[in-house]
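Heads up, the thing below is written out as structure tokens.
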Amino acid sequence: MNSTRFALTWNALETFGKQAVSIVTTIVLARLLDPKDFGLIGMIYIFIAIASTLVEGGFTSALIYKKKPTQNDYSSVFYISIIISLFFYILLFISSKFIAAFYDQPSLVQIIRWLSLSLIFGSLSVVHYAIFSSNMNFKSIAEVGLIAQVIASVAAIVTAIGGFGVWALVVQYLVLNSFTPLLFFSKNVWWPSKTFKLKEVKALFSFGSHVMLTSLLNVIFNNIYNVVIGKFFNPIQLGYYVQAFKIQSIPADKIQQIIKRVTFPKLAQISENKEEMSSYFLKIFKSSILVNFALLIFIAGLSKQIVLILLTQKWEPIVPFIRLLCFASLFLPLFELCSNVILSKGKSLLNFKIELLKKVLIVFNILVMFKWGIIGLIIGQIINSILFLVIQYYFTKQFLVIHLKDLIVSLLKYFIVAIIPYVIITWLMSVFTLNIYLEFIVYTTVYFLLFILLVFSFRLNQGYNFNMFLKNK
């Protein structure tokens with residue numbers, strides 16, 4: 001129990017520590033760069049992300065899932081990851097002109113060719129992530145992640161101050177992905193041997209391929225809105241959407257990352273005990289959803305103040321995007337938790353089929369809502385999140401002793417304690433006019449005081465205890 005709590009603590013430190021650095025960097029870069037710069041990176045990120053997913057190949061999850069991976073397993077995965085990364089680097093290098101032509105943005109050619117180098121650097125970290133995660137050694141992951149993030153952020157800010165525009169974002173990505181493997185190897189925990197066994201690669205890929213396909217689907221459809229907006233609108237509008245998405249994703253994505261990294265190894269250990277899995281699931285669910293609801297609805301309520309204070313007035317058009325995106329991301333931690341339950345049972349193909357069904361709904365959403373512009377697309381995301389909730393429960397319930405009624409009641413309670421303060425501060429802002437800084441201070445205080453009061457009134461206060469994430473009876 002103590003080891004898992006320790007793991008969660010370090011994983012949370014890395015996740016939120018990196019996020020704190022990222023927030024500061026985003027604020028500084030948003031003031032130094034133009035929305036178009038962020039839009040250009042947003043246009044091509046899907047291609048880098050797809051290639052990165054294929055390079056990783058699901059091998060990290062496969063190595064974690066395998067009970068006792070050998071040195072041959074680790075070394076074989078290490079070398080195959082490098083080979084795959086070189087292949088996709090060459091492919092993207094050649095394809096860069098066609099991608100630039102698709103968006104009608106000639107400057108993308110050189111950006112893609114340089115940014116693609118991150119694939120090679122990233123391939124060097126695949127095995128280390130698996131080793132440290134399997135051993136619940138999130139302290140080392142935290143140290144590496146934080147240091148690399150700080151170095152990359154400093155490099156990006158210096159480049160932006162130098163007037164290099166979009167290249168500051170390219171430098172940030174390259175430095176992050178190059179320093180991460182260097183720092184991992186400096187730990188001297190594992191080094192590859194001069195062995196490569198195709199048999200081991202095939203065995204791991206039989207499990208990892210389904211995980212990879214699921215991740216690939218997620219990457220494509222998490223970025224598909226960027227492609228649509230970049231193609232049919234313009235880089236500036238895409239820059240607004242990308243920045244809005246970043247702000248609203250601060251709590252949801254980070255909670256989701258903690259759940260993905262920490263719960264999968266734990267669920268894999270207790271996968272044969274249905275009662276224990278159910279108890280563990282509920283504790284993670286209640287804690288993560290309560291905190292996620294509180295933070296996202298808070299950001300939605302004070303989005304205008306946050307943008308004007310941190311990013312300046314040139315970013316004010318993103319406010320309505322942020323408000324709607326916050327409500328679209330309310331259930332993300334639950335989706336990740338359900339996915340890990342299914343994967344811990346070895347049902348990677350089922351997980352892939354679930355994600356495929358969800359992606360079909362996304363395509364339908366885009367086709368129907370596109371005519372209402374970016375706002376219409378985001379409203380469609382909110383509708384889809386509710387449908388995804390039903391789908392995830394339907395396929396996960398067979399592995400747990402949990403009733404739909406209990407989940408719905410819990411979700412409604414958490415939503416009520418977060419939405420009531422939101423409604424109150426929204427009304428207060430419409431009645432009283434204050435200085436923008438004073439508004440932020442006053443209404444932030446009012447929101448969280450009301451929220452805490454309601455949490456205790458509904459006796460939901462244990463949801464704040466992150467130690468409960470991994471505590472088992």
Side-chain angles (χ1 to χ4, degrees), residues 1-9 11-12 15 58 60-69 130 133-136 138 207-208 210-211 214-215 218 255-292 331-355 357-358 388-411 413-414 460 462-473:
M1 184 188 303
N2 290 332
S3 62
T4 51
R5 287 183 180 180
F6 183 74
L8 177 65
T9 300
N11 192 57
T15 302
T60 300
S61 295
L63 287 170
I64 294 173
Y65 182 73
K66 188 172 183 178
K67 301 302 180 184
K68 293 181 179 180
S133 296
S134 295
N135 297 328
M136 305 293 279
F138 294 103
F207 175 88
H210 296 142
V211 177
T214 301
S215 298
N218 287 331
I255 293 172
Q256 193 176 14
Q257 285 179 27
I258 292 175
I259 290 174
K260 182 176 182 178
R261 290 184 184 179
V262 177
T263 64
F264 180 61
K266 180 65 178 179
L267 286 167
Q269 292 173 9
I270 61 175
S271 60
E272 301 303 319
N273 190 325
K274 197 171 185 178
E275 293 290 340
E276 189 175 3
M277 280 189 71
S278 301
S279 174
Y280 182 74
F281 177 92
L282 284 173
K283 288 172 182 176
I284 301 290
F285 158 71
K286 291 177 180 179
S287 300
S288 59
I289 289 294
L290 177 62
V291 175
N292 195 51
F331 305 126
L332 286 183
L334 179 58
F335 299 157
E336 192 64 54
L337 182 58
C338 289
S339 177
N340 275 356
V341 167
I342 294 170
L343 289 174
S344 71
K345 301 294 290 186
K347 305 292 185 180
S348 56
L349 180 58
L350 173 60
N351 194 57
F352 171 71
K353 290 178 179 178
I354 294 170
E355 292 302 322
L357 175 58
K358 289 160 67 176
F388 293 168
L389 182 64
V390 176
I391 293 170
Q392 289 283 181
Y393 172 77
Y394 178 80
F395 287 102
T396 308
K397 66 179 182 179
Q398 61 184 300
F399 305 113
L400 302 168
V401 187
I402 294 174
H403 300 292
L404 179 61
K405 179 184 175 182
D406 295 332
L407 289 181
I408 292 176
V409 169
S410 295
L411 287 171
K413 285 182 180 179
Y414 302 150
L460 302 174
Q462 77 171 29
Y464 279 113
N465 185 0
F466 274 90
N467 286 330
M468 294 293 290
F469 276 22
L470 299 170
K471 183 179 177 182
N472 287 281
K473 293 182 180 179

**Asked** Crowded around Lys345 NZ? As in, over 12 foreign heavy atoms under 6.0 Å?
**Response** yes
**Prompt:** If you round to the nearest 0.5 Å, how far is CD1 of Ile284 from OG of Ser279?
**Reply:** 10.0 Å
**Asked** Taking atom OG1 of Thr396 and atom CE of Met277, what is their separation to the nearest 0.5 Å?
**Response** 9.5 Å
**Asked** In Å and rounded to the nearest 0.5 Å, what is the OH to CG distance from Tyr393 to Leu404?
**Response** 5.0 Å
**Message:** Using modelled atom types and a 3.5 Å cut-off, is there a donor and acceptor pairing between side-chain atoms of Ser339 and backbone atoms of Phe335?
**Reply:** no
**Request:** Indicate yes or no: at least one non-hydrogen side-chain atom of Leu334 is less than 4.5 angstrom from one of Cys338.
**Result:** yes
**Message:** With a 4.5 Å cut-off on side-chain heavy atoms, are Leu407 and Lys397 touching?
**Reply:** no
**Asked** Hey, what do you get for CZ (Phe285) to CG (Leu290), rounding to the nearest 0.5 Å?
**Response** 10.0 Å
**Beyond-backbone contact of Asn340 with Leu343, side-chain heavy atoms, under 4.5 angstrom** = yes
**Request:** Return the minimal non-hydrogen interatomic distance between Phe331 and Ile289, and the atom names on each side.
**Result:** CA-CD1, 4.5 Å
**Request:** Could you check if a side-chain atom of Leu411 sits within less than 4.5 angstrom of a side-chain atom of Leu389, using non-hydrogen atoms only?
**Result:** yes
**Prompt:** For atom NZ of Lys358, is the number of surrounding heavy atoms from other residues, nucleotides or ligands below 6.0 Å larger than 12?
**Reply:** yes
**Request:** Quick one: pull up CD1 in Ile342 and CG in Leu400 and give me the separation to the nearest 0.5 Å.
**Result:** 9.0 Å
**Message:** Within this structure, what is the CG-OH distance for the pair Leu357 and Tyr394, rounded to the nearest 0.5 Å?
**Reply:** 11.0 Å
